[in-house]
Amino acid sequence: MILENECQKFSDEALVERVLTKSDYYACLVNRYSEALGRYVVRLGANPVDAEDVLQEVFLNAYLHLNSFDKNLKFSSWLYRIAHNQTISAFRKTNVRPTVELTDLEPWQEMARESCPGVKIDQAMLSQKVALALDRLDQKYREVLILKFFEDKDYNEMSDILKKPMGTIATLVNRAKKQLTGLVEKELLQ
């Protein structure tokens, strides 16, 4: 059994190396990423019950494919990519369009301020309108906004996770903000 304080001594990449020789260290990686990946899966639109199942699949797939991890990439980006794929796969199986839950308002407010700078309205109301608009946003745009504003990923990490060039990521973020602004303005007029 590996103690938590021992886990904290190692970087993700060092833990991956240790897992390859002693599987007990995998618990360190699971503990390190469970909460963040769980939020990410829910923010992509999975309900919390399904998110737990998706998360189990993510960690199982990551463990099974740990030998194929490219050490030139960040482990977190690789893991988020698996979570992204697993979440999309779960949606395809259920044929349900994901919906976004309005929970913690701070990321919503930041997204609202940056995406809709000219709109002056109560921040809580604007956050709610942004959440509703995000539900109607094209999936490719929704993904980049979630990674940027909720998961606090930079363009390089987003590129690794979504397997798209950084220039494409920047374009998607820009277009996502424009589409979101249009949808929010529509919501405000209703």
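By convention here, the first residue in the shown sequence is residue 1. Remember, it's a predicted structure, so these values are computed and weren't measured experimentally. Worth knowing before you read on, the calculation uses all heavy atoms, side chains too, and leaves out hydrogens, waters and symmetry mates.
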*Given Thr181 and Glu185, is the side chain to side chain contact (heavy atoms under 4.5 Å, CB included) satisfied, shown in steps?*
CA-CA 6 Å; Thr181 299; Glu185 287 173 351; 3.6 Å; yes
* Side chain proximity check, Val41 to Glu52, heavy atoms < 4.5 angstrom -> no
All heavy atoms of Cys7 vs all of Leu15, minimum pair found to be O-CD1, 4.2 Å
Test Leu162 against Lys153 for side chain to side chain contact (heavy atoms under 4.5 Å, CB included), laying out the working first. CA-CA 12 Å; Leu162 298 175; Lys153 300 294 180 191; over 6 Å; no
Does the Ser159 side chain pair with the main chain of Lys164, one donor and one acceptor, at a distance under 3.5 Å? yes
Looking only at heavy atoms, the pair that brings Ile146 and Arg43 closest together is CD1-O, 2.9 Å
Taking every heavy atom of Met158 against every heavy atom of Ile169, the minimum-distance pair comes out as CE-CG2, 3.6 Å
Assess whether salt bridge (Lys or Arg N to Asp or Glu O under 4.0 Å) is satisfied between Arg39 and Glu151, documenting all intermediate values. CA-CA 9 Å; Arg39 283 191 313 265; Glu151 300 306 317; 5.2 Å; no
Tyr155 meets the ring pair (Phe, Tyr, Trp, His ring centres under 6.0 Å) criterion, sequence neighbours left out, with none
Note: Arg142 and Leu44 closest approach over all heavy atoms is NH2-O, 3.3 Å
Applying side chain to side chain contact (heavy atoms under 4.5 Å, CB included) to Asn67 and not counting sequence neighbours gives Leu20
Checklist line | Heavy-atom side-chain contact between Leu180 and Tyr141 under 4.5 Å | finding: no
Query raised in the report: Short question: side chain of Thr171, backbone of Gly167 - any donor-acceptor pair under 3.5 Å?
Result: yes
Kindly say whether Lys71 contributes a backbone atom to a donor-acceptor pair with the side chain of Glu13 at under 3.5 angstrom? no
**Message:** Please check this pair: side chain of Asn31 against backbone of Ala27, looking for a donor-acceptor N/O pair closer than 3.5 Å.
**Reply:** yes
Derivation and outcome, side chain to side chain contact (heavy atoms under 4.5 Å, CB included), residues Arg18 and Tyr26 | CA-CA 8 Å; Arg18 291 186 178 281; Tyr26 194 63; over 6 Å; no
Sorted by chain and number, sequence neighbours left out, side chain to side chain contact (heavy atoms under 4.5 Å, CB included) with Asp154 holds for Asn156, Glu157
Sequence neighbours left out, cut at 3.5 Å: what donor-acceptor pairs do the side chains of residues 58-66 make with other protein atoms?
unit_1, atom_1, unit_2, atom_2, d
Asn61, ND2, Glu57, O, 3.4
Asn61, ND2, Gln86, OE1, 2.7
His65, ND1, Asn61, O, 2.8

As a quick check of understanding, evaluate side chain to side chain contact (heavy atoms under 4.5 Å, CB included) for Val173 and Lys177, giving each step before the final call.
CA-CA 6 Å; Val173 168; Lys177 287 179 185 179; 3.8 Å; yes
Smallest heavy-atom separation, Pro48 atom then Val42 atom, equals CA-CG2, 4.3 Å
Q.
Is any side-chain heavy atom of Cys28 closer than 4.5 Å to one of Phe10?
A. no
Residue set satisfying side chain to side chain contact (heavy atoms under 4.5 Å, CB included) with Leu73, at least two apart, ordered chain then number -> Asp70, Asp160, Lys163
Sorted by chain and number, sequence neighbours left out, salt bridge (charged side-chain N to carboxylate O under 4.0 Å, His left out) with Arg81 holds for none
Tightest non-hydrogen contact, residues Val184 and Ala133, listed as CG2-CB, 3.8 Å
query: Quick one: do Arg32 and Asp12 make a salt bridge, cutoff under 4.0 Å?
result: yes
Point to revise | Pair Phe150 and Tyr40, ring centroids less than 6.0 Å apart | key: no
